[in-house]
Amino acid sequence: MLRLDNSFYNRHVVDVAKNLLGKTLVFGKVKGIITETEAYRGADDEASHAFSWTPRSSIMFGPPGYSYIYFIYGMYHCLNIVTEEKNSPSAVLIRGLKLPDIHLNGPGKICKYLGITREHNGINLVTDNNFYLTEGIINSATYTSTARIGIKKAIDKQWRFLINF
DNA sequence: CGCGCGATTGTA
DNA sequence: ACAATCGCGCGT
């Protein structure tokens, strides 16, 4: 299956979040279809970790196509994909993944099931042999958009996207 | 340095 | 509705 390259990730984070629906996530021997995403954009989004620069959010300020993994609530990890050009901090949170046997809904569950931790932060998904994304079975997915989950700021932005089956 | 809290989830 | 659980980051 064709791997998503730098030109796919180097676009506005909201477009990437929509277009990631239906794409395939490959992590080791596990493959899953992305069913739910959220966009976070440092420049104009108070809810984003990259609204201001911190050591944790620094990866979001880098070039696109890298993993951003953070630890939250003392027990969960969340997987994000960095988008847009360098110094345009943004990332897509992966909230839903359909595996052959299970549908994982929730970013914490996805990382727990796949075994993704902060050790996987900052991986180049365009070149890594173990961790990357490819085109999916579904190439033109229609979607529903809602407000993002679990945040208190910027709740007016409809930047959560769910695939329509 | 200390301390409150979070892009969550399972349980009541 | 709330506890679990701890590293980050803001404020001092």
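In what follows, chains carry the letters A, B, and so on, assigned in the order in which the sequence lines appear, proteins first and then strands, with residues in each chain numbered from 1. These numbers come from the heavy atoms of this one structure, side chains and all, not from hydrogens, waters or symmetry mates. Small disclaimer: the values here were computed from a predicted structure and weren't measured.
Scanning DNA chain C 5' to 3' for nucleotides with an atom closer than 4.0 angstrom to a non-hydrogen atom of chain A gives a first and last hit of dA4(C) to dC10(C).
Listed by first and then second residue, the ring-ring contact (aromatic ring centres under 6.0 Å, His included) pairs that reach into residues 80-102 of chain A come to none, sequence neighbours excluded. Contacts classified as side chain to side chain donor-acceptor pair (under 3.5 Å) and involving residues 26-35 of chain A (residues at least two apart or in different chains) are given here: Thr35(A)-His103(A). Judged as a salt bridge (charged side-chain N to carboxylate O under 4.0 Å, His left out), the pairs with a partner in residues 74-86 of chain A (not counting sequence neighbours) are, in order, Arg41(A)-Glu84(A). For residues 104-128 of chain A, the pairs satisfying ring-ring contact (aromatic ring centres under 6.0 Å, His included) are Phe27(A)-His120(A), with sequence neighbours left out. Applying the salt bridge (charged side-chain N to carboxylate O under 4.0 Å, His left out) test to every pair with at least one member in residues 98-122 of chain A, sequence neighbours left out, gives no pairs at all.
Here, dA7(B) and dG11(C) have their P atoms 16 Å apart, quoted to the whole Å. Rounded to whole Å, the P atom of dG4(B) lies 16 Å from the corresponding atom of dA3(C). Rounded to the nearest Å, the gap between the P atom of dT5(C) and that of dG2(B) is 23 Å.
In this structure Asp156(A) satisfies the salt bridge (charged side-chain N to carboxylate O under 4.0 Å, His left out) test with no other residue, sequence neighbours excluded. Taking the side chain to side chain contact (heavy atoms under 4.5 Å, CB included) definition, one finds that Tyr132(A) meets it with Arg3(A), Val26(A), Thr134(A), sequence neighbours left out. Taking Glu36(A) as the reference, Arg95(A), Arg160(A) meet the salt bridge (charged side-chain N to carboxylate O under 4.0 Å, His left out) condition, with sequence neighbours excluded. Applying the side-chain hydrogen bond (donor to acceptor under 3.5 Å, both in side chains) rule to Tyr143(A) yields the partners Lys18(A); only residues at least two apart in sequence or on another chain are considered.
In this structure a side-chain-to-backbone donor-acceptor pair under 3.5 Å is present from Ser67(A) to Gly122(A).
Residue Arg160(A) is classed as having no contact, given no heavy-atom separation below 4.0 Å to the nucleic acid.
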Item checked: Protein-to-nucleotide contact annotation, 5' to 3' order, nucleotides 5-12 of chain B [B base; S sugar-phosphate only; - none; under 4.0 Å, heavy atom] -> -BBBSS--

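Taking a pair as Watson-Crick or G-U with both hydrogen-bonding distances under 3.5 Å, the stems of three or more pairs touching DNA chain C are B:1-6 with C:6-11, B:8-11 with C:1-4.
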